[in-house]
**Q** 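Structure below; questions to follow.
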Protein chains: 2
Amino acid sequence: MAMSDSSSLEPDGGNSYLHDDELIRGIEMLFYAYRDFTSDPDEILKTYGFGRAHHRVVHFVGRNPGMTVTELLAILKVTKQSLSRVLSQLVAEGFIAQEKGSRDRRQRLLSLTAKGKILFSELSSPQKARVAKAYREAGAEAVAGYRKVLADLLNAEERAAVLKSVERS
Amino acid sequence: MAMSDSSSLEPDGGNSYLHDDELIRGIEMLFYAYRDFTSDPDEILKTYGFGRAHHRVVHFVGRNPGMTVTELLAILKVTKQSLSRVLSQLVAEGFIAQEKGSRDRRQRLLSLTAKGKILFSELSSPQKARVAKAYREAGAEAVAGYRKVLADLLNAEERAAVLKSVERS
DNA sequence: CAAAAAATGTCAACACTATTGACGCATTTC
DNA sequence: GAAATGCGTCAATAGTGTTGACATTTTTTG
């Protein structure tokens with residue numbers, strides 16, 4: 001369709017990557033990547049009778065063993081009622097273990113069981129392969145750029161927390 | 001936690017960005033970016049009584065005026081029954097117009113009405129601002145890397161189509 | 001031309017994920 | 001002791017997705 005030259009005013013001083021059309025492309029790329037990215041785990045989840053919400057819980061508990069329910073809620077940004085459904089299932093079916101906190105006994109510290117770890121592996125495997133392939137094809141510099149832009153896309157208030165959780169190496 | 005040397009075998013010849021842990025971080029970054037990225041439009045959509053599905057339809061129809069229902073289905077990768085609900089609403093409420101194809105009169109060519117274009121603007125505005133800010137902070141090189149990696153994350157079969165749709169400038 | 005295929009729509013049932021609102025209980029903090 | 005926190009639960013409702021079955025119109029094909 002051509003068209004959509006964004007604006008004729010070039011408010012960015014000639015940085016073509018800041019043109020309206022480029023920005024929209026940036027939006028769409030994220031949509032497409034996310035769409036394809038979730039497709040592999042979705043297939044696997046179906047065989048367990050689980051959905052995407054279960055995946056997210058398994059993933060973040062797997063990555064943050066001993067985390068509390070409140071912390072998980074802060075990452076997922078859903079209500080506790082919404083989390084409750086999937087978390088209860090995962091606990092009932094033996095994928096996730098809950099342990100009372102020793103310092104604060106109100107807390108339920110979450111961790112993966114052996115069974116949960118297997119599921120975690122199974123789900124992350126195709127995603128890791130996908131990312132590895134993309135990283136390999138794109139090269140180290142592109143990867144750095146990818147990570148930088150994604151970090152800058154986050155809500156400012158969240159950035160610190162995410163970078164901490166994602167970069168505790 | 002420290003550590004996370006992934007495997008002790010270093011199957012990547014010392015390219016640290018291909019370590020298991022880095023791959024997992026790449027996964028999580030995408031989750032977080034998508035989560036925050038959708039939050040602005042979600043707020044606006046609520047005031048219209050719409051959801052994310054409506055947004056996607058408005059977006060892609062806005063970007064591809066005259067597109068057919070089948071093409072839209074291919075982009076969204078949902079069933080026609082699922083699309084039907086939101087598309088019908090958008091048509092009924094005057095955001096999207098349907099016109100019989102002149103070459104193939106079975107087709108319903110989709111386009112935004114004036115009202116639809118306003119909604120498109122309103123929804124894309126905060127997302128463009130977010131991307132622009134991230135692009136500006138990250139710089140041109142990082143942006144190129146971001147786009148390259150995202151493209152490489154796509155399903156191979158889809159890559160050509162997406163790059164075509166995203167890059168018809 | 002008749003049969004097959006394609007593009008679209010629709011009815012119905014169901015599943016998953018999310019929300020808001022209202023409580024209840026145990027435990028910790030002030 | 002009162003207030004706040006962490007967690008769980010019941011209930012109602014909404015949004016988005018699926019599968020399956022059909023119907024209509026129009027184009028393509030043998």
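Just so it is clear, the values below take in all heavy atoms, side chains as well, and ignore hydrogens, waters and symmetry mates. Lettering of chains follows the sequences in order, A, B, ..., and the numbering in each one begins at 1.
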**Q** Looking only at the side chain of Val69(A) (C-beta and beyond, no hydrogens), which of the listed nucleotides dT17(C), dT16(D), dG8(D) gets closest?
**A**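 Nearest to the side chain of Val69(A) among the choices is dG8(D).
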**Q** For residues 85-93 of chain B, which residues have at least one heavy atom under 4.0 Å from DNA chain D?
**A**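 DNA chain D contact set from residues 85-93 of chain B: Arg85(B), Val86(B).
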**Q** Does Arg108(A) pair with Glu99(A) as a salt bridge, N-O distance under 4.0 Å?
**A**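 Result for this pair is no, no salt bridge flagged.
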**Q** On a plain distance test, is the side chain of Gln81(B) in donor-acceptor contact with the base of dG17(D) below 3.5 Å?
**A**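 It does not, because no donor-acceptor pair links the side chain of Gln81(B) to the base of dG17(D) below 3.5 Å.
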**Q** Check Glu22(B) with Arg147(A), please: is the shortest side-chain N to carboxylate O separation under 4.0 Å?
**A**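 Yes.
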**Q** So does Lys80(A) reach the base of dG6(D) with its side chain, donor to acceptor, closer than 3.5 Å?
**A**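 When only heavy-atom distances are counted, Lys80(A) does not reach the base of dG6(D) through any donor-acceptor pair under 3.5 Å.
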**Q** Taking 4.0 angstrom as the limit, do Lys46(B) and Asp42(B) come out as a salt bridge?
**A**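 No, no charged N to carboxylate O under 4.0 Å.
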**Q** Give, ordered by number, those residues of residues 102-112 of chain B having at least one heavy-atom distance below 4.0 Å to an atom of DNA chain C; if nothing qualifies, reply none.
**A**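 Residues of residues 102-112 of chain B under 4.0 Å from DNA chain C: Arg106(B), Gln107(B), Arg108(B).
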**Q** Compare the minimum distances between each of dT8(C), dT16(D), dT19(C) and the side chain of Thr68(B), then state the nucleotide with the smallest one.
**A**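 Nucleotide nearest to Thr68(B)'s side chain: dT8(C).
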**Q** Take atom CD of Glu141(B) as the centre, draw a 6.0 Å sphere, and report whether it contains more than 12 heavy atoms from other residues, nucleotides or ligands.
**A**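 Count not over threshold, so no.
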**Q** Ion pair present between Asp21(A) and Arg63(B), side-chain N to carboxylate O less than 4.0 angstrom?
**A**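 Yes.
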**Q** Is a salt bridge present between Lys133(A) and Asp152(B), judged by a nitrogen-to-oxygen distance below 4.0 Å?
**A**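 No salt bridge links Lys133(A) with Asp152(B).
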**Q** Does a donor on one side chain sit under 3.5 Å from an acceptor on the other, for Tyr48(A) and Glu122(A)?
**A**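 Result is yes, a qualifying pair exists.
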**Q** Is a side-chain donor or acceptor of Thr113(B) paired with a backbone partner of Phe95(B) at a separation under 3.5 angstrom?
**A**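 Yes, because the side chain of Thr113(B) sits within donor-acceptor range (under 3.5 Å) of the backbone of Phe95(B).
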